[in-house]
K.L.:
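Take a look at this one; I'll ask things after.
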Number of protein chains: 2
Amino acid sequence: MSKTETIAPAQEAWMLLLDLVGSHRATIVATAAEHDLSPMQAFALRRLEPGRPLPMNELADVLGCDASNVTGIVDRLEVRGLVERRADERDRRVRNLAVTAEGAAVREDLLRRMHTPPAEIAALSPTDQRRLRDVLRHALER
Amino acid sequence: MSKTETIAPAQEAWMLLLDLVGSHRATIVATAAEHDLSPMQAFALRRLEPGRPLPMNELADVLGCDASNVTGIVDRLEVRGLVERRADERDRRVRNLAVTAEGAAVREDLLRRMHTPPAEIAALSPTDQRRLRDVLRHALER
DNA sequence: TATTGTTATACTCTATAACTATA
DNA sequence: TATAGTTATAGAGTATAACAATA
């Protein structure tokens, strides 16, 4: 009874946001597993847009892990024929990652499932859904 | 030019939400590392509220992983004296997990850092912050 | 028979450090 | 000297299957 414990809206929003995404971790992992992809393999494939090759370097950045990990993750994607390493024209140290045709097909189905909103969001009123989208657009537009 | 490609608000909101949390994965992992905790150890500690012991069973559920993993995760937390296994009074198969005094202290600092909203949310207008919080409350109140 | 938790196994992810080939 | 990528290593997470104790 001694503490009032008022939580600022921004902090509460962030906590709720972590809870919401965290509670769907298992679903996302299962979605990747349907394509025999580990979570990191799926996240890597998500970041490799067809027609926009990415240096391994930058993939490590967006995945938030060390560059040495990307070697193994890409190895496994490449063995399955979903991704290929291409030489860079300017800098011979760089390896650009490109999705293959098969990789693009897998990626499309993967993203379709991963991006399907969960019940908590789907059940919101159309107004709340638009509100949520608009606020997140503001937050991320920079 | 052949596809109109209209994205429903709910789907776009979920995509942006995944992006926002995903882009802070490294920060969250680093926060855990400051206490020498692996990501899963930190998430487990987050779920163990002081004074509310939790069966290992249920911890596996909220962490979204197999029960066999929880054995190892809790082993490492217990070795460090942050958590302890307690016998259940009713069902002798069950082990209830309780944070120790030291575990509660670590947990408090960990959550204070983890729940600090990132720049994207902190920079929103107070109105948008309240909007985001309110919509997420609706989504999660069930 | 079903459930809780453990163990054994094999695979993936992880950071660190040392290496190569480039720049 | 610095950077891109690889390799080696050790520790942690992961699901599966088999098991013991209990229900």
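Proteins come first, then strands; the chains are lettered A, B, ... in the order of their sequence lines, and each starts at number 1.
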K.L.:
Return the set of residues passing salt bridge (Lys or Arg N to Asp or Glu O under 4.0 Å) with B:Arg86 (not counting sequence neighbours), or none when no residue passes.
P.N.:
B:Glu84

K.L.:
Please report the shortest heavy-atom distance between B:Arg80 and B:Glu102, naming the atom on each side.
P.N.:
O-OE1, 4.0 Å

K.L.:
Taking CG from A:Asn57 and C1' from D:dA2, how many angstroms apart are they, rounded to a whole number?
P.N.:
13 Å

K.L.:
With a 4.0 Å cut-off, would you call B:Arg131 and B:Asp128 a salt bridge?
P.N.:
yes

K.L.:
Let me spell it out: for each of A:Met56 and A:Val29, pick the nucleotide of DNA chain D with the closest heavy atom. Which residue's pick is nearer the 5' end?
P.N.:
A:Met56

K.L.:
Need to verify one output field. Residue with the more 5' nearest nucleotide on DNA chain C, B:Val94 or A:Gly64?
P.N.:
B:Val94

K.L.:
Check every atom of C:dA15, D:dG5, C:dT22 against the side chain of A:Arg92 and return the nucleotide holding the closest atom.
P.N.:
C:dT22

K.L.:
In whole Å, I'd like the distance from the CZ atom of A:Arg76 to the C1' atom of D:dT6.
P.N.:
14 Å

K.L.:
For the pair made of CD in A:Glu89 and P in C:dT22, what is the distance, rounded to whole Å?
P.N.:
17 Å

K.L.:
Between D:dT14 atom C1' and B:Gln41 atom CD, what is the distance in whole Å?
P.N.:
15 Å

K.L.:
If you assign A:Asp66 and B:Glu58 each to the DNA chain C nucleotide with the nearest heavy atom, which residue ends up on the more 5' nucleotide?
P.N.:
B:Glu58

K.L.:
Specify the separation, in whole Å, of atom CZ of A:Arg25 and atom C1' of D:dT14.
P.N.:
9 Å

K.L.:
Do B:Arg93 and C:dT3 share a donor-acceptor pair, side chain to base, under 3.5 Å?
P.N.:
yes

K.L.:
For a salt bridge (charged side-chain N to carboxylate O under 4.0 Å, His left out) check, start with the C-alpha distance between A:Arg90 and A:Asp88, then their side-chain angles and the critical distance, and finish with the verdict.
P.N.:
CA-CA 6 Å; A:Arg90 314 253 172 88; A:Asp88 188 277; over 6 Å; no

K.L.:
Between the side-chain atoms of A:Ser68 and the base atoms of C:dT16, is any donor-acceptor pair under 3.5 Å?
P.N.:
yes

K.L.:
Please state how far atom CZ in A:Arg86 lies from atom P in D:dG5, giving the value in whole angstrom units.
P.N.:
15 Å

K.L.:
Are any of A:Arg85's side-chain N or O atoms less than 4.0 Å away from OP1 or OP2 of D:dT6?
P.N.:
yes

K.L.:
Would you mind classifying the nucleic acid contact of A:Asp91 as base, sugar-phosphate or nothing, using non-hydrogen atoms under 4.0 angstrom?
P.N.:
sugar-phosphate

K.L.:
Can you check the A:Asn69 CG to D:dG13 P distance for me, whole Å?
P.N.:
15 Å

K.L.:
Under 3.5 Å, is there an N or O donor on one side and an acceptor on the other linking the side chain of A:Thr71 and the base of D:dT7?
P.N.:
no

K.L.:
Which whole-number value in Å describes the distance from A:Arg90 CZ to C:dA21 C1'?
P.N.:
20 Å

K.L.:
Are any of the side-chain nitrogens in B:Glu58 or B:Arg47 under 4.0 Å away from the carboxylate oxygens of its partner?
P.N.:
no

